[in-house]
Amino acid sequence: MSIVRYGIEGGTGTGGQHLPFARATQAGGFLYVSGQTPMIDGEVVEGGIVEQSRLAIQNCIEIMQEADYGLEDVVHVKVVLTDARYFQSFNKVFKEFFGNHPPARICMVCDLVVDVKVEVDVTCYKET
């Protein structure tokens, strides 16, 4: 089994900080996408939980597509919210994306190192 790493040059975080990890890693049919926040080019996109959730999930999808995976291949999602009151709004956005292919999921509330409301990571699987 070989391991393929996507984005090993690292991304750009807030303030232009270099992020020293791959955007995703593929091994044995699995794709592990690193946690995505509502950022574009290292800048946080302001907005409420709905807008930030959509962008965090969309950022995951773009990485998945780079590795030739789709929403139907998502088997597990991890979600971090910074406030429990965001749960219902996040679920509405989640259903927009995953309504036809619901994966297993964990959702937790805690502080994030970036000043955003949500972070999402996904694990995908498909036969190779």
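Taking 4.5 Å as the limit, some side-chain heavy atom of Leu55 sits within range of a side-chain heavy atom of Ile40. By the 4.5 Å heavy-atom criterion applied to side chains, Cys110 and Val80 are counted as neighbours. Contact of the Arg23 side chain with the Glu66 side chain is registered, since non-hydrogen atoms from C-beta on lie closer than 4.5 Å. Side-chain contact between Ile3 and Thr25 is present, with at least one heavy-atom pair separated by less than 4.5 Å. Residues Phe90 and Ile57 are in side-chain contact: their nearest non-hydrogen atoms beyond the backbone lie under 4.5 Å apart.
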Subject >> Step-by-step side chain to side chain contact (heavy atoms under 4.5 Å, CB included) determination, Met64 to Val33 >> reply: CA-CA 7 Å; Met64 291 162 42; Val33 177; 4.0 Å; yes
**OP:** I would like to know whether Asp68 and Lys126 meet side chain to side chain contact (heavy atoms under 4.5 Å, CB included); could you show each step before the answer?
**Re:** CA-CA 10 Å; Asp68 199 31; Lys126 69 179 181 177; 3.6 Å; yes
**OP:** Run the numbers on Val74 and Tyr69 for side chain to side chain contact (heavy atoms under 4.5 Å, CB included), then give the verdict.
**Re:** CA-CA 8 Å; Val74 177; Tyr69 285 77; over 6 Å; no
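When hydrophobic clusters are built by joining Ile, Leu, Val, Met, Phe, Trp and Tyr residues whose side-chain heavy atoms come closer than 4.5 Å, directly or via intermediates, Val118 is grouped together with Val93. Connection of Tyr6 to Leu71 is established within a shared hydrophobic cluster, with ILVMFWY side chains joined at heavy-atom distances below 4.5 Å, either directly or through further cluster members. Transitive grouping of hydrophobic side chains (ILVMFWY, heavy atoms separated by less than 4.5 Å) keeps Val116 and Val77 in distinct clusters. In the hydrophobic clustering of ILVMFWY residues, with side-chain heavy atoms under 4.5 Å counting as a link, Ile63 and Val4 come out together. Both Phe97 and Tyr86 sit in one connected hydrophobic cluster of ILVMFWY residues. Membership requires side-chain heavy atoms under 4.5 Å apart, directly or through other members.
Contacts classified as side chain to side chain donor-acceptor pair (under 3.5 Å) and involving residues 72-81 (residues at least two apart or in different chains) are given here: Lys78-Asp121.
Between Phe98 and Phe94, a ring centre-to-centre spacing shorter than 6.0 Å is recorded.
In this structure, Gln26 contributes its side chain and Ala24 its backbone to no donor-acceptor pair below 3.5 Å. Thr37 contributes no side-chain N or O that, together with a main-chain N or O of Val114, makes up a donor-acceptor pair within less than 3.5 Å.
Here Cys60 contributes atom SG and Gln65 contributes atom CD; the two are 11.5 Å apart, rounded to the nearest 0.5 Å. A distance of 11.0 Å separates CG of Asn59 from CD of Glu119, quoted to the nearest 0.5 Å.
Val75 belongs to a hydrophobic cluster with Phe30, Tyr32, Tyr125, counting contacts under 4.5 Å between side-chain heavy atoms of Ile, Leu, Val, Met, Phe, Trp and Tyr, direct or through other members.
Side-chain N/O atoms of Arg105 and Asn91 include a donor and acceptor closer than 3.5 Å.
The two residues Gly99 and Pro102 make their nearest non-hydrogen contact at O-CD, 3.8 Å.
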Could you give the side-chain donor-acceptor pairs of residues 45-53 under 3.5 Å, partners two or more places apart or in another chain?
| from | atom 1 | to | atom 2 | distance (Å) |
| --- | --- | --- | --- | --- |
| Glu51 | OE1 | Gly48 | N | 2.9 |
| Gln52 | OE1 | Lys117 | N | 2.8 |
| Gln52 | NE2 | Val45 | O | 3.3 |
| Ser53 | OG | Ile49 | O | 2.6 |

